[in-house]
Amino acid sequence: MGSEEKSRVGAQVITVSSGKGGVGKTTATANLGISLASLGKRVVVIDADIGLRNLDIIMGLENRIVYDLVDVVEGRSKLRQAMIKHKRFDDLFLIPAAQTRDKMSVSPEDMVQVTDDLRQECDYILIDSPAGIERGFRNALEPADEVLIVTNPEVSAVRDADRIIGLIEAAEKGPGKLIINRLKTDLVRKGEMLSSDDVYDILGLDIIGIIPEDELVLSASNSGVPVTLNMNSQAGLAFNNIARRIIGEDVPFMNLHGNPSLLRRFLRLFDGR
Amino acid sequence: MGIIKSLFGRRNRGSGATAKDRLRFVLQHDRIHLPPERMEAMKREILAVIARYLVVDQDRVEIDLEQRDRRQSKLIAEVPFTGQQPANNAADAQLPAMSADTADKA
Ligand SMILES: Nc1ncnc2c1ncn2[C@@H]1O[C@H](COP(=O)(O)OP(=O)(O)OP(=O)(O)O)[C@@H](O)[C@H]1O
Ligand SMILES: [Mg+2]
């Protein structure tokens, strides 16, 4: 909290969290890492989901792991040794989670230490947070300069997002930005799914990106090549847009035909200027 | 809230609109850490106090929680009444919740 000012040298630490499990945190972290790297940024992604390691397999790096985050924290490995370089991007690294340990083997202070040691070496540090509001979430939150909250347009995911947003604000890490994932545009049009405007009205947080439901996400995780590397993927394009917004570009929202409200359409007149 | 709800309801009857209403309701209570049943108990107590002083038109009472955002909530109460209770009623702090007068009507 108080250390935010002095530690904010070099890289920006962005934590990806959600509250509810399975909404797309790991997918988002992997894709944003790759998109940022493809935009020429130096990126380290950290899997903070100790015991449920997943970011490695989504990024196609599972067979290169020698050391993990807990090895670093417990002094068995140097930070450098635990950083796995991506196959395509020389400036993209993964620090994997330990698979056989529990969340208590890392503390929030450890995470601050690890990220502070990395800040000089890169532009962005992305942290994939575990689901829930317990220790793993606290670990991921503590070093964050910015928090992205992933949610789905669905009642339980939005409710849990609201809970997490409250905790993020209480920890003075707010307000955070929203990623609405798995939007089904045809259902929204029929009024059978919450629209991104609905989610915005309810949660009151700025939306940094809307990711459509996309079958290619599954093929991407099957092959370990995140969807943002697939030119044909709408979801991939949407993730890439988020990365561009992160680096400060003014990217208009994709037209997902999701029945935008009149107000939104009106604002877009200015937005698209 | 009631008016807003019915407006939304009229415009869009899909389950998406229902989801939005239900989320609004549940989040109001999540955010203030006051479950609906505690809220109802509080409303009853507030009304009981008022009813010691005024003859309240119980059927038209509306007490609603209004939320602008996560940090700002307010309680909006509309309590129509038809007259005042006898002076000794109000003065007696030990009186149980409701006076005989309003209890009859309700
Ligand atoms: N936009 C999308 N379109 C289709 N499927 C998606 C999309 N986003 C995520 N998924 C799928 O949803 C599932 C959960 O995604 P992911 O593992 O990223 O969630 P998570 O929030 O990290 O889960 P956990 O809480 O368990 O860590 C995966 O099977 C993934 O392929
Ligand atoms: Mg995950």
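Computed from a prediction, not measured in an experiment: that's the story for all the values here. By convention in this document, chain letters (A, B, ...) are assigned in the order of the sequence lines, proteins followed by strands, and residues within each chain are numbered from 1.
To the nearest 0.5 Å, atom NZ of residue B:K20 and atom CG of residue A:L194 are 8.0 Å apart.
Neither the backbone nor the side chain of A:L187 comes within contact range of chain B, judged by heavy atoms closer than 4.5 Å.
Residue-environment remark: NZ (A:K177) stays at or below the threshold of 12 foreign heavy atoms within 6.0 Å. Within a 6.0 Å radius of CD in A:E249, other residues, nucleotides and ligands contribute more than 12 heavy atoms.
The nearest pair of heavy atoms linking B:S15 to A:E192 is OG-OE1, 2.6 Å.
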- Apply side-chain contact (heavy atoms from CB on, under 4.5 Å) to the pair B:D30 and A:R163, showing each step before the final yes or no. CA-CA 8 Å; B:D30 284 0; A:R163 183 78 204 287; 6.0 Å; no
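A heavy-atom distance below 4.5 Å is not found between the side chains of A:D198 and B:L23.
Note on A:V199, A:D162, A:V155: by heavy-atom pairs under 4.5 Å with chain B, the leading option is A:D162.
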